[in-house]
Amino acid sequence: MNLPDLKKAKERTTNKVEYKDLKITESKDFLGKKYFLRTYGCQMNEHDGEEIEAILTYLGMTPCEELEMADVIVLNTCAIRENAHDKVFGYLGRIKHLKKERPDVIVCIGGCMSQESSVTTELKERHPYVNIVFGTHNIHELGPMLLDARKDHQEIKVYSKEGEVYEHVPYERASKITAWVNIIYGCDKFCTYCIVPYTRGKERSRKLEDVVKEVLSLKEQGYQEVTLLGQNVNAYGHDLDESLEFSDLLEAVAKTGIARIRFVTSHPWNFTDKMIDVIANYKNIMPYIHLPLQSGSNRILKLMGRKYTKEEYVTLFKKMKERIPNVAITTDIIVGFPGETNEDFLETLDVVDACQFDGAYTFIFSPREGTPAAKMKDETPLKEKEERLYTLNQKINEYSKKANERYLGKITPVLLLGVSEKDKTKLYGYTDTMKLVNVATGKENIGKILDVKITDAKSFSLDGEEMKKESVG
Ligand code: SAH
Ligand code: SF4
Ligand code: F3S
């Protein structure tokens, strides 16, 4: 048994990152069995889910969509807000039932929730039918843990450490067109509300040549788009070499010639002019930046530990808009942080008016055990926070719609990813600026970048039709 420890997870003691090669477990014990996997949380967790799928695939297993059919169940969890927790514990109710009927099913819990001591304690005490608990630092141990699993035994193996960097990680990728590529793991920012630095460990960058190699291999396999992943992509490189920064990596990835490059998430604090220039200079770096604001009140930003003021944010935002042609910028905003007054909230609305974001993810503050903000005095009633969220969302949606309406009648390149869920006669895809478009065109165009004429604009999507070659000229 190896239990997580939040205090240990906070330590940042070493500058040395160990680079290791991952060895995959192969065995015939699970050949022909079925697995059921659910992933919650951010893109990084989704990408971890692709590693979990690769491990299960190597063991000879195939996926199934029904919990009741599975021989192995894996929940890859997220700890960012309380409702992420609730979803997982809700699922556990169903699983408990299933385990009564089919005690042989192996239940595994991984991801960020496993990294929290309160969660593992709860799993140990109240959910003993869970067989395997693993964390974000040892996904690769899932294979050996499964081979050792016994039906009435719970094995918890979670490490709270600064973390290593593994290369040659296998992924069973969800798409053959777009792919995620990790560039930096962990986070050292310790925003006072956030659990991620505890669940993901210290900031550690992959070597530039390893990232480039992965992108080149994806390009050779026919991938059209890569999304470079990190909790703060613009912290990339500093742990490897003082003079190395994200712009160097972006430029090297752009030079591979892959059709589209995206990256998430950017922190407004250390986004340099050089990064802006590289984004502006390369056609295959998409003009889309997710730049979390969190709050528009300097007092709250300070309490959040975000290390920038609203004025600095707006200046950076305007610089990006001026220098990167046609750039779309989206954001994250938290309402109801402890001590946020109505005046603070109105300041957030002011910044939203000044920036007129293309879109935003908005949240009510959720206290996370072990973070400084969870101990801050919070007297605002939930009802008031919900009203603030509602008011904010109205404004955000208004600007999203306005941003979409600017596309009406325009011709824009769209990478087509598959058949539209809503209308099976159409395909869906994304513009360079990350706008969702439903396009009337044939299935043979899946995986292609087509010029599309936008015919309708809604709050959250666009409709369009394929421009025939001759009319594009
Ligand atoms: N690394 C990214 C974001 C990671 S979490 C960044 O720094 O931007 C995604 C979003 O969840 C955050 O931007 C924040 O808006 C929100 N979030 C994080 N912790 C939260 C909490 N305790 N309560 C509510 N929202 C939170
Ligand atoms: Fe969390 Fe802040 Fe790190 Fe983003 S930068 S992951 S919000 S601590
Ligand atoms: Fe959630 Fe962990 Fe991502 S807490 S948002 S899955 S880093």
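The basis for the numbers below is simple: all heavy atoms, side chains too, and nothing from hydrogens, waters or symmetry mates. In listed order, ligands and their atoms are each counted from 1.
Taking the centre and axis of the six-membered ring of Phe363, the NZ or CZ atom of Arg81 falls inside the cone set by 45° and 6.0 Å. Geometrically, Lys87 does not engage Tyr40 in a cation-pi contact defined by less than 6.0 Å to the ring centre and at most 45° from the axis.
Checked by distance only, ligand 1 and Asp332 come closer than 3.5 Å through their nitrogen or oxygen atoms. In terms of polar-atom proximity, defined here as any N/O pair under 3.5 Å, Gln294 does make such a contact with ligand 1. For the pair Tyr193 and ligand 1, the shortest N or O to N or O distance falls below 3.5 Å.
Exactly one residue among Glu225, Glu214, Glu46, Glu53 makes a salt bridge (charged side-chain N to carboxylate O under 4.0 Å, His left out) with Arg173. That residue is Glu214. For the side-chain contact (heavy atoms from CB on, under 4.5 Å) with Cys108, the qualifying choice from Val72, Leu56, Asn76, Val133 is Val72, the only one to do so. When Thr433, Thr330, Asn326 are each tested for a side-chain hydrogen bond (donor to acceptor under 3.5 Å, both in side chains) with Tyr288, only one passes: Thr330.
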Pair Asn2-Tyr159, side-chain contact (heavy atoms from CB on, under 4.5 Å): steps then yes or no = CA-CA 7 Å; Asn2 223 325; Tyr159 306 98; 3.0 Å; yes
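For ligand 3, the atoms lying closer than 4.0 Å to a non-hydrogen atom of Cys112 are 2 (Fe), 4 (S), 6 (S), 7 (S). Atoms of ligand 2 found under 4.0 Å from any heavy atom of Phe190, numbered from 1 in the order shown, are 8 (S). Applying the 4.0 Å criterion to heavy atoms of His267 picks out, from ligand 2, the atoms 5 (S). Every atom of ligand 1 is numbered from 1 in the order shown, and the set under 4.0 Å from a heavy atom of Ile334 is 14 (C), 15 (O), 17 (N), 25 (N), 26 (C). Set against the non-hydrogen atoms of Cys42, the atoms of ligand 3 under 4.0 Å away are 3 (Fe), 5 (S), 6 (S), 7 (S). Under a 4.0 Å criterion applied to the non-hydrogen atoms of Arg368, ligand 1 contributes the atoms 22 (N). Per-residue contacts place Gln231 under 4.0 angstrom from the following atoms of ligand 3 (heavy atoms of the residue considered): 7 (S).
Within the 3.5 Å criterion, the main-chain N or O of Ser297 finds no donor-acceptor partner in the side chain of Arg299.
Residue contact check for ligand 3: Ala79 places a non-hydrogen atom closer than 4.0 Å to it. By the 4.0 Å heavy-atom criterion, Ile195 is excluded from the residues contacting ligand 1. The closest approach between Met113 and ligand 3 stays at or above 4.0 Å for every heavy atom of the residue. Using a 4.0 Å cutoff on heavy atoms, Ile80 counts as a contact of ligand 1. Remark: distances from the non-hydrogen atoms of Glu82 to ligand 1 are all 4.0 Å or more. Using a 4.0 angstrom heavy-atom cutoff, Arg200 counts as in contact with ligand 3.
Nearest non-hydrogen protein atom to atom 7 (S) of ligand 2 is Tyr193 OH, 3.4 Å. Taking atom 2 (C) of ligand 1 as the reference point, the nearest protein heavy-atom neighbour is Gln231 O, 3.6 Å. Atom 21 (C) of ligand 1 has as its closest protein heavy atom Ser366 O, 3.6 Å. Annotation: atom 3 (Fe) of ligand 2 to nearest protein heavy atom, Cys187 SG, 2.3 Å. In this structure, atom 8 (O) of ligand 1 lies nearest to the protein heavy atom Pro292 CG, 2.9 Å. The single protein non-hydrogen atom nearest to atom 1 (Fe) of ligand 2 is Cys194 SG, 2.3 Å, given as residue, atom name and distance. Of the protein's non-hydrogen atoms, Arg306 NH1, 3.6 Å is the one closest to atom 7 (O) of ligand 1. Counting protein heavy atoms only, atom 4 (Fe) of ligand 2 is closest to Arg306 NH1, 4.3 Å. If you check which protein heavy atom lies closest to atom 11 (O) of ligand 1, you get Arg81 NH1, 3.0 Å.
Heavy-atom proximity to atom 6 (S) of ligand 3, evaluated over Thr199, Thr136, Asn45, is greatest for Asn45. For atom 5 (S) of ligand 2, the choice among Thr192, Val196, Asn232, Thr265 with the nearest heavy atom turns out to be Asn232.
Using a cut-off of 2.8 Å, one finds that Cys78 contributes an N/O/S atom close to atom 1 (Fe) of ligand 3. For atom 2 (Fe) of ligand 2, the set of nearby N, O or S atoms under 2.8 Å includes one belonging to Cys191.
Under a 4.0 Å N-O distance rule, the pair Arg323/Asp277 qualifies as a salt bridge. We find that Lys10 and Glu162 are not joined by a salt bridge, their nearest charged nitrogen and carboxylate oxygen being 4.0 Å or further apart. Lys321 has a carboxylate O that lies under 4.0 Å from a charged side-chain N of Asp358, or vice versa, which qualifies the two as a salt bridge. A salt bridge is absent between Glu312 and Lys307; no separation between the charged side-chain nitrogens and carboxylate oxygens falls under 4.0 Å.
Proximity of Pro197 to ligand 2, defined as any heavy-atom pair under 4.0 Å, is confined to the side chain (atoms from C-beta onward).
Residues Phe246 and Phe263 bring their aromatic ring centres within 6.0 Å. Taking the six-membered ring where the residue is Trp, the centroids of Phe365 and Phe337 are separated by under 6.0 Å.
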